[in-house]
Amino acid sequence: MATLDQPAVRPKGAEESQGSRGRKARGPRPRRNAALFWFLIPGLVVLLVFHYIPLFGNVIAFQDYQPYIGIMHSRWAGLDNFDVILNGDEQFVHALVNTLELTLIQVIFVFPAPILLALAMNSLVSERIKKWVQNVLYLPHFLSWVVVVSLFQQMLGNDGMLNLFLNAHDTGSWNLIGNPDLFKTLLTFQVIWKDTGWGTILFLAALSRVDHNLYEAAAMDGASRLRQTWHVTLPALRGLVILLLILRLGDALSVGFEQILLQQGGVGLENSEVLDTYVYNNGLIGGQWGVSAAVGLVKGVVGVVLVLGANKIARLFGEEGVYRS
């Protein structure tokens, strides 16, 4: 008979039968996850076919590649295709400078825009109004750049709605679309208009997880709305902001190929050429396949180095980063 100090001993057979029933109910882990693995297969196939297998095509960066004879029979050129980078070809330098300028502008103005918009939307009291605003702001993301550029031309072009209105009131006209000095500003405004609303999704999701008791405690301590945002809201977004900033650095040298290509004719190559359009114009249009591949290869390597370096710095400051080493 079990005493009060000693727990009753359960028969060994009963423990084994209960454990076996639990394992039988749960089932083997691989079998339970089989359906999830099947769902992964289409995505893995797309990733393999369109991202990893084409990496072998970078071999043409070291060849005098000719499409009609193929990779296997094209003459090896060594590092000759990299001369435009090493020797500072004028057209390449213009493309690089424009790319770096647009990257800096977008990091300063485009990257914080979804954060500020998410903070503003999160402050709305009415959930109905918040959902309506979200739906309106998401719509531009689903428009292609062809449609977006056409809309801006119809509104801000030489014969657009703005100039028609100004001419009707004898106030002159503004050359906004074809002005080289305003081209980078126009590109930045287009990106903000198109993608800022969509970029708020992650930040709004992070804000929804913030404990409201923290705001109440801060309010009881006399913190204003601004100080609550500074001490409660922004720390909750810090990890997400750092993660997205690291990923953004991976695309630091990609600043909108389609958007820029559609508007190059009005401002000229000197003011609008970036590395992506340089690769297109010299490769597909100019036939310099090896040179274009070399520039694209260097651009990709620089992006990987920036991601690895930024992730390392984030880990040193105690953040998770993109991955754990």
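As the structure is a computational prediction, the values presented were derived from the model and not from experiment. Note that these values count all heavy atoms, side chains included, but never hydrogens, waters or copies made by symmetry. Positions are given from 1 along the sequence.
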With sequence neighbours left out, write down each residue that passes side-chain hydrogen bond (donor to acceptor under 3.5 Å, both in side chains) with [X], or none if nothing qualifies.
X    : result
D181 : none
Q263 : Q190
D195 : H141

Checking one residue: L269. Which other hydrophobic residues are in its cluster under the side-chain 4.5 Å linking rule?
none
Please report the interatomic distance [atom1]([X]) to [atom2]([Y]), rounded to the nearest 0.5 Å.
X    : Y    : atom1 : atom2 : result
L204 : T200 : CG    : OG1   : 4.5 Å
N98  : L187 : CG    : CG    : 10.0 Å
L245 : L249 : CG    : CG    : 5.0 Å
Q106 : R248 : CD    : CZ    : 5.5 Å
L186 : S272 : CG    : OG    : 12.0 Å
L137 : I201 : CG    : CD1   : 11.0 Å

So, the side chain of [X] versus the backbone of [Y]: is there a donor-acceptor pair under 3.5 Å, distance only?
X    : Y    : value
T196 : W193 : no
D159 : L164 : no
N135 : K131 : yes

Atom of [X], atom of [Y] and distance for their closest heavy-atom approach:
X    : Y    : answer
D64  : A77  : N-CB, 3.9 Å
A252 : L306 : CB-CD1, 4.0 Å
G70  : S74  : O-OG, 2.6 Å
L176 : L182 : CD2-CD1, 3.8 Å
V255 : I260 : O-CD1, 3.9 Å

All N/O donor-acceptor pairs, side-chain side in residues 282-292, below 3.5 Å, sequence neighbours left out:
{"unit_1": "N282", "atom_1": "ND2", "unit_2": "Y278", "atom_2": "O", "d": "2.9"}
{"unit_1": "W289", "atom_1": "NE1", "unit_2": "G287", "atom_2": "O", "d": "3.4"}
{"unit_1": "S292", "atom_1": "OG", "unit_2": "V279", "atom_2": "O", "d": "3.1"}
{"unit_1": "S292", "atom_1": "OG", "unit_2": "G283", "atom_2": "N", "d": "2.9"}
{"unit_1": "S292", "atom_1": "OG", "unit_2": "Q288", "atom_2": "O", "d": "3.1"}

Does [X], at its [atom1] atom, have more than 12 non-hydrogen atoms belonging to other residues, nucleotides or ligands within less than 6.0 Å?
X    : atom1 : result
L166 : CG    : yes
F111 : CZ    : yes
W38  : CH2   : no

Within-4.5 Å side-chain heavy-atom neighbours: [X] and [Y]:
X    : Y    : value
V147 : F152 : no
L162 : M155 : no
L119 : L237 : yes
F189 : F109 : no
Q264 : N271 : no
D251 : T103 : no
L262 : V148 : no

Do [X] and [Y] sit in the same hydrophobic cluster, where Ile, Leu, Val, Met, Phe, Trp and Tyr count as joined when their side-chain heavy atoms come under 4.5 Å apart?
X    : Y    : value
V241 : V107 : no
V267 : V274 : yes
L247 : V304 : yes
L151 : W174 : yes
W198 : L139 : no

Pairs in or reaching into residues 214-228: which pass side chain to side chain donor-acceptor pair (under 3.5 Å), with residues at least two apart or in two chains?
Y215-T233, R227-H231
Enumerate the residue pairs fulfilling side chain to side chain donor-acceptor pair (under 3.5 Å) with a member in residues 147-157, sequence neighbours excluded, ordered by first and then second residue.
none
Strictly by ring pair (Phe, Tyr, Trp, His ring centres under 6.0 Å), give each pair with a member in residues 290-314 just once, sequence neighbours left out.
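Applying ring pair (Phe, Tyr, Trp, His ring centres under 6.0 Å) to every pair that reaches into residues 290-314, excluding sequence neighbours, yields nothing.
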All pairs passing ring pair (Phe, Tyr, Trp, His ring centres under 6.0 Å) where residues 235-268 contributes a residue, at least two apart
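Only F257-Y280 qualify under ring pair (Phe, Tyr, Trp, His ring centres under 6.0 Å).
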With a cut-off of 3.5 Å and sequence neighbours excluded, list every side-chain donor-acceptor pair involving residues 83-96.
{"unit_1": "D89", "atom_1": "OD2", "unit_2": "Q91", "atom_2": "N", "d": "3.3"}
{"unit_1": "D89", "atom_1": "OD2", "unit_2": "F92", "atom_2": "N", "d": "3.2"}
{"unit_1": "Q91", "atom_1": "NE2", "unit_2": "E273", "atom_2": "OE2", "d": "3.4"}

Residue pair W145, K194: steps toward the side-chain contact (heavy atoms from CB on, under 4.5 Å) verdict:
CA-CA 9 Å; W145 275 115; K194 184 177 187 295; 3.5 Å; yes
Name every donor-acceptor pair, under 3.5 Å, that has one atom in a side chain of residues 42-63 and the other anywhere in the protein, sequence neighbours excluded.
{"unit_1": "N58", "atom_1": "ND2", "unit_2": "L55", "atom_2": "O", "d": "3.2"}
{"unit_1": "Q63", "atom_1": "NE2", "unit_2": "I71", "atom_2": "O", "d": "3.0"}

Listed pairs under 3.5 Å, donor-acceptor, residues 293-301 side chains, sequence neighbours left out:
{"unit_1": "K299", "atom_1": "NZ", "unit_2": "S254", "atom_2": "OG", "d": "2.9"}
{"unit_1": "K299", "atom_1": "NZ", "unit_2": "D276", "atom_2": "OD1", "d": "3.3"}

